Amino acid sequence: MADFLDNPAALWPDSPPAQTTTPQPRRWVWSAMSPPERRARLRELRTWVEWLRRTAELHNEIPPCWYRHRWVREMLTALYLGWLRTYEGEKTPGRELAEAEWINTVHAFKPHMKLPACVSGHQDPPLPPPPNPRADEEWELYLATSADTTDKATHPAEAEVRRMAAELDPPL
């Protein structure tokens, strides 16, 4: 009993150590995920995309093979994470129309998710052209010789700035 009288804090359990840093928000970078995490996240995204296709009547805009098209998958990932922040996250002051902004973003993305080649079934996108073995050399040559990178610096509004300055300080 003498211990409690000498040290009343001994009556309480040890508190967990204070967190020194706030956890970073989780980002979905597909290439940075381990294969098991990638599969789990794709399952999560698929559930949401199927809900979105039905709820927003986007079955004609988002093809059933969306997950096979990396850029469409990236857009849907962005929409999903935006949806989570908008509908599940904390309300941000000044973002009273966040839900309407999210819906506008969906409409802005629609033309880019539509894949006419996949209307009757999945079609692989065309292969990219083979890499140009001289691309780096051509790039460096462009940097060294192009007028875009070698001309003297001039501001497009320089004459207007001089004219406005002259109006403010007319000659006597």
Side-chain angles (χ1 to χ4, degrees), residues 18-33 37-38 41-42 44-45 48-49 51-53 55-63 66-119 123-172:
Q19 194 169 1
T20 56
T21 60
T22 56
Q24 292 297 314
R26 181 160 179 81
R27 303 287 183 211
W28 285 31
V29 178
W30 292 106
S31 61
M33 294 179 193
E37 182 183 11
R38 214 175 297 145
R41 295 287 178 198
L42 272 170
E44 179 181 344
L45 182 62
W48 181 81
V49 169
W51 168 84
L52 180 68
R53 289 180 78 221
T55 304
E57 299 176 3
L58 295 174
H59 48 275
N60 289 327
E61 280 77 19
I62 302 172
W66 60 267
Y67 53 89
R68 292 177 171 228
H69 299 273
R70 287 183 178 183
W71 189 241
V72 174
R73 186 174 62 216
E74 288 293 336
M75 287 187 283
L76 289 167
T77 300
L79 287 173
Y80 176 52
L81 296 176
W83 180 83
L84 286 174
R85 283 190 289 276
T86 300
Y87 289 95
E88 299 291 326
E90 295 294 320
K91 296 295 179 197
T92 305
R95 300 262 346 260
E96 288 75 19
L97 294 175
E99 293 82 357
E101 291 170 5
W102 182 84
I103 290 168
N104 283 336
T105 303
V106 170
H107 289 296
F109 277 34
K110 278 173 36 176
H112 306 289
M113 291 187 289
K114 200 171 200 166
L115 300 169
C118 295
V119 168
Q123 298 293 316
D124 284 329
L127 294 173
N132 177 353
R134 296 189 55 223
D136 290 340
E137 179 184 327
E138 290 173 7
W139 171 251
E140 292 302 327
L141 181 63
Y142 170 80
L143 290 178
T145 61
S146 170
D148 291 339
T149 61
T150 60
D151 280 357
K152 177 180 160 268
T154 60
H155 193 287
E158 191 174 331
E160 181 64 12
V161 169
R162 277 196 302 268
R163 185 194 65 74
M164 289 169 57
E167 284 180 4
L168 293 175
D169 189 23
L172 297 176

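Scope of the values below: all heavy atoms of this structure, side chains included, with no hydrogens, waters or symmetry mates. Keep in mind the model is a prediction, meaning the values are calculated, not measured.
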| request: Provide the closest heavy-atom pair for K114 versus P116 in the form atom of the first, atom of the second, distance. | output: O-CD, 3.5 Å
| task | Return the set of residues passing side-chain hydrogen bond (donor to acceptor under 3.5 Å, both in side chains) with T86 (not counting sequence neighbours), or none when no residue passes. | result | none
| Heavy-atom count around W139 CH2 within 6.0 Å, excluding the residue itself: above 12? | no
| message | Holding to side chain to side chain contact (heavy atoms under 4.5 Å, CB included), I want the full list of residues that pass it with T55, two or more places apart in sequence or in another chain. | response | W51
| query | Relative to the ring of W48, is the ring of W83 parallel (under 30°), tilted (30 to 60°) or perpendicular (over 60°)? | reply | tilted
| task | Working to the nearest 0.5 Å, report the span between CG of L45 and CZ of R38. | result | 14.0 Å
| request: Output all residues satisfying salt bridge (Lys or Arg N to Asp or Glu O under 4.0 Å) with E74, sequence neighbours left out; order by chain, then residue number. | output: none
| query | Under the side chain to side chain contact (heavy atoms under 4.5 Å, CB included) test, which residues partner T149, sequence neighbours left out? | reply | Y142, L143, S146
List, one per line, each side-chain donor-acceptor pair under 3.5 Å for residues 66-73, sequence neighbours excluded.
| unit_1 | atom_1 | unit_2 | atom_2 | d |
| --- | --- | --- | --- | --- |
| H69 | NE2 | H122 | ND1 | 3.2 |
| R73 | NH1 | Y67 | O | 3.1 |

| task | Return the set of residues passing salt bridge (Lys or Arg N to Asp or Glu O under 4.0 Å) with E138 (not counting sequence neighbours), or none when no residue passes. | result | R134
| said: Going by the rule side-chain hydrogen bond (donor to acceptor under 3.5 Å, both in side chains), which residues pair with E99 if we only count those two or more places apart in sequence or in a different chain? | reply: K91
| What is the distance from atom CG of L52 to atom CG of L79, rounded to the nearest 0.5 Å? | 7.0 Å
| request: Give, for atom CH2 of W102 and atom CG of L84, the distance between the pair rounded to the nearest 0.5 Å. | output: 10.0 Å
| side-chain hydrogen bond (donor to acceptor under 3.5 Å, both in side chains) partners of T154, counting only residues at least two apart | none
| request: Could you list the residues that satisfy salt bridge (Lys or Arg N to Asp or Glu O under 4.0 Å) with E158, not counting sequence neighbours? | output: R162
| said: My understanding is that only residues two or more places apart in sequence, or in another chain, count here; which of them pass side-chain hydrogen bond (donor to acceptor under 3.5 Å, both in side chains) with D136? | reply: none
| said: Could you work out, with side chain to side chain contact (heavy atoms under 4.5 Å, CB included) as the rule, every residue matching K110, not counting sequence neighbours? | reply: L58, E61, H107
| Where P63 and L115 come nearest, the two heavy atoms and their spacing | CG-CD1, 3.7 Å
| note | Contacts of E167 meeting side chain to side chain contact (heavy atoms under 4.5 Å, CB included) (sequence neighbours excluded), chain-then-number -> R163
